[in-house]
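The structure appears below as structure tokens.
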Amino acid sequence: MASPLLENLNPEQLAAVTLPHVSALILAGAGSGKTRVLTTRIAWLLATGQASPLSILAVTFTNKAAKEMMSRLSALTPVNTRGMWVGTFHGLCNRMLRAHYRDAQLPQAFQIMDMQDQLAMIKRVYKAHNIDDERFPARQLQSLINASKEEGLRPNQVEAHDEFTRRQVEHFALYEQACQRDGVVDFPELLLRTYELLTQHEGLREHYRRRFSHILVDEFQDTNVLQYKWLKQLTSPQTSVFAVGDDDQSIYAFRGANVANMQHFERDFANAAPVKLIKLEQNYRSHGRILDAANALIKHNQARLGKNLWTADAEGEPVRAFAAPSDIDEAAFIVDVVNGLVADGVSPAEIAVLYRSNAQSRVVEHALFNAGMPYRVYGGMRFFERAEVKHALAYLRLIASPADDGAFLRVINFPPRGIGARSIETLQERAQATGSSLWQTACSQPVAGRAGSSVAAFVGLIESMRNATHGLPLPEAVDHVVHASGLLAHYTGEKDGQERVDNLQELINAADGFLRETEREIGEGGDDPLMSFLSHAALEAGETQAAEGRPALQLMTVHSAKGLEFHTVFVTGLEEGLFPHENSMSEFDGIEEERRLAYVAITRARRRLYLTHAQSRMLHGQLRYNVASRFLEEFPDGLVQWLSARRRDFTMVEDAAPATRVVAREVPGWRIGQSVKHAKFGLGIIIDAEGRGDDARVQVNFREAGVKWLALEYAKLQPA
DNA sequence: AAATGTGGAATTTTT
DNA sequence: TTCCACATTT
């Protein structure tokens with residue numbers, strides 16, 4: 001078969017793409033063409049008539065991945081992909097719940113809460129039931145709720161072995177009641193409710209099982225217990241499940257990802273035929289030495305399915321490492337190298353600085369700013385999370401779903417309209433007493449006087465907005481609400497309000513863009529555009545910040561770099577305590593997860609890889625001295641080229657920025673920050689010193705043995 | 001209702 | 001140190 005679709009696939013990719021109607025686990029290494037295989041598989045199923053678009057469901061974790069899949073797929077197939085279900089777990093579940101809201105026991109206009117909304121809801125529950133948030137921190141309950149749901153557990157199924165947990169589970173149950181009354185669902189609820197819908201309604205379950213004969217799952221190593229159960233519900237002996245993942249890139253255990261799903265897959269999804277296992281190990285991204293480093297590092301993990309990346313490409317540049325005296329010097333080094341690369345014609349946008357934790361970006365930003373180098377920091381506030389945008393959305397939510405107390409409280413006095421805390425509390429008490437929503441309570445307003453009339457005016461405002469926007473095209477409805485609510489006027493009058501005004505305008509644009517993008521799909525569900533837009537706003541928080549005009553250096557955590565690639569990558573802060581993070585050391589599988597994280601970082605690089613660590617760094621307002629990361633020791637000799645600075649005398653560098661350095665309490669011959677070796681304790685770093693001559697003692701932070709004071713006269717310390 | 005002060009915590013993050 | 005949530009002040 002000379003299908004152009006299959007051209008240039010390597011034998012393993014070809015085997016995966018053209019697999020018969022069985023379930024399969026594709027172990028796809030970093031840069032092995034995972035997305036290509038996934039999309040080509042779908043295109044091939046369509047091209048050979050083995051599947052119609054209606055019979056395909058493809059699920060991802062992020063909206064970005066879903067979009068990417070759709071756009072690459074449309075380039076591969078002439079078949080109209082409408083009717084295919086491609087989306088995130090949450091997006092697909094939302095779709096099912098909208099279609100079967102009655103069976104799912106939800107109101108038609110149920111709203112989705114993001115994490116902020118969820119926390120606010122918990123605090124409201126606390127207030128209504130006089131729960132002490134000192135004893136029961138709201139965030140802790142939030143974690144318990146989400147973790148429980150992600151394991152598929154309702155409050156009555158959560159095991160509580162102690163009194164504290166028992167109380168928390170009670171609060172969990174109260175929270176669920178409140179959500180149900182308000183007609184709101186949190187993120188994990190979307191999945192859990194859909195899962196229960198399928199388990200409890202055989203007709204529906206059979207319908208979807210018959211419909212989706214092909215289910216494809218991206219990033220399978222990131223699935224949690226509930227997602228796995230959900231997939232099982234959709235699967236019959238006739239279903240082909242094509243799961244793509246990489247156990248070596250499993251870095252989300254902390255949010256419930258369960259790599260064991262990969263091991264269980266072979267057992268649980270073997271139906272008519274055994275599950276096929278295919279490994280994609282040829283890497284199309286990186287030069288040889290980068291892969292050598294990645295392979296060498298990940299070999300130190302015990303729990304692996306086992307994979308080794310290789311490339312037909314060149315060995316390339318050596319991997320380089322740099323030991324900086326301080327975090328400031330580390331940043332200066334990065335600026336130096338970047339300047340050199342940019343002078344050589346590498347675009348700054350093709351260079352990434354990766355770090356373990358966000359706090360590390362500050363020093364690098366500072367150095368880049370002073371060097372006049374454009375950069376972009378990932379992470380932070382998303383568009384739909386901004387206060388002004390959430391306010392506008394709350395008005396829209398209240399129009400669509402008046403029982404939504406969260407939305408009600410957000411805007412009842414914003415912009416300020418003279419409804420004080422007192423009136424709101426009275427309203428809440430009465431709502432609590434009658435078991436009705438704040439909106440209902442506000443409508444049946446028997447309170448006389450000024451407060452009563454303000455509340456009545458608010459009710460009138462929302463009702464007039466509902467009438468005025470009824471039947472309007474979505475962007476015009478949003479436009480109306482932004483004006484009629486007084487939000488625009490409020491921010492226009494405020495100093496520093498321009499950005500917020502811009503964001504409100506941008507919300508109108510977003511509504512317009514959303515309408516255009518979904519136009520083709522409307523008719524299929526006959527959905528209310530406002531409802532869809534509100535779901536969209538909750539499920540897709542939007543970009544962190546608009547892309548810069550000129551190409552900018554990319555700064556991000558290793559986690560957010562997953563799935564991306566760059567010409568040059570700096571992996572920074574490779575220090576014990578930071579990377580691997582100290583918290584991970586007490587966690588189950590913690591160090592191995594940190595190592596996978598380092599593996600992800602390394603495999604982002606196409607051509608050049610720099611590994612850096614700093615011997616001292618400012619952390620939580622204190623200067624800390626860290627030993628180089630164990631990961632740096634896990635590369636075979638000769639693979640990593642240490643740059644001159646390791647040999648260079650520290651004092652040279654210290655002279656460059658003397659003001660930033662603590663003047664060491666001098667012990668002749670030794671320096672704070674110096675790496676040393678001890679016969680018994682091994683490698684360490686000098687972090688303090690005192691005394692002179694025979695009394696001279698140094699404090700050393702040993703990698704293995706911890707912090708110790710040593711008398712120089714007796715301890716046979718060697719410079720390392 | 002905004003402005004200012006205080007205490008505590010400070011991996012990683014998407015939906 | 002720096003950020004945030006929350007409390008108190010003005």
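Lettering follows sequence order; numbering is per chain, from 1. Keep in mind that this is a model prediction, so the values were computed, not measured.
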Any chance you could list the contact pattern along nucleotides 3-10 of chain B? Use B for base contacts, S for sugar-phosphate-only contacts and - for none, protein heavy atoms under 4.0 Å, 5' to 3'. -------B
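Residues passing the ring pair (Phe, Tyr, Trp, His ring centres under 6.0 Å) test with A:His559, sequence neighbours excluded: A:Tyr252, A:Phe254.
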Distances for protein N/O vs nucleotides 12-15 of chain B N/O pairs under 3.5 angstrom?
unit_1, atom_1, unit_2, atom_2, d
B:dT12, OP1, A:Asn358, N, 2.6
B:dT12, OP1, A:Asn358, ND2, 3.1
B:dT12, O4', A:Arg356, NH2, 3.2
B:dT12, O2, A:Arg356, NH2, 2.6
B:dT13, OP1, A:Thr557, OG1, 2.8
B:dT13, OP2, A:Asn358, ND2, 3.4
B:dT14, O4', A:Arg255, NH1, 3.3
B:dT15, OP1, A:Asn63, N, 2.8
B:dT15, OP1, A:Asn63, ND2, 3.3
B:dT15, OP2, A:Arg382, NH2, 3.4
B:dT15, O2, A:His90, NE2, 3.2

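Look at A:Glu176 and A:Arg154 and you find a salt bridge, because one of the NZ, NE, NH1 or NH2 atoms lies within 4.0 Å of a carboxylate O, short of that distance. Ion pairing of A:Arg304 with A:Glu592 is absent here, as no side-chain N (NZ or NE/NH1/NH2) approaches a carboxylate O to less than 4.0 Å. A salt bridge between A:Arg386 and A:Glu506 is absent, with no side-chain N of the basic residue lying under 4.0 Å from a carboxylate O of the acidic one. Under a 4.0 Å N-O distance rule, the pair A:Lys390/A:Asp117 qualifies as a salt bridge. Taking the charged nitrogens against the carboxylate oxygens, A:Lys34 and A:Asp218 do have a contact shorter than 4.0 Å, which makes a salt bridge. Salt bridge absent: A:Arg596 and A:Asp248 never bring a charged side-chain N and a carboxylate O closer than 4.0 Å. At a threshold of 4.0 Å, the pair A:Glu582-A:Arg624 counts as salt-bridged, since one of the basic side-chain nitrogens sits closer than that to a carboxylate oxygen. Here A:Glu150 does not pair with A:Arg255 in a salt bridge; the nearest charged N to carboxylate O distance is not below 4.0 Å.
When DNA chain C is scanned in the 5' to 3' direction for atoms under 4.0 Å from non-hydrogen atoms of chain A, the outermost contacting nucleotides are C:dT1 to C:dC6.
A:Gln221 and A:Asp246 form no side-chain donor-acceptor contact under 3.5 Å, judged by distance and modelled atom types alone.
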Reading DNA chain B 5' to 3', how would its secondary structure be written in dot-bracket notation, given Watson-Crick and G-U pairs with both distances under 3.5 Å, brackets [ ] for crossing pairs and | for partners on other strands? ||||||||||.....
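In this structure, the CD atom of A:Glu494 is 8 Å from the P atom of B:dA2, given to the nearest Å. In this structure, the CE atom of A:Met585 is 14 Å from the P atom of B:dT11, given to the nearest Å.
The stretch residues 121-133 of chain A does not touch DNA chain B, since none of its heavy atoms comes less than 4.0 Å from the strand.
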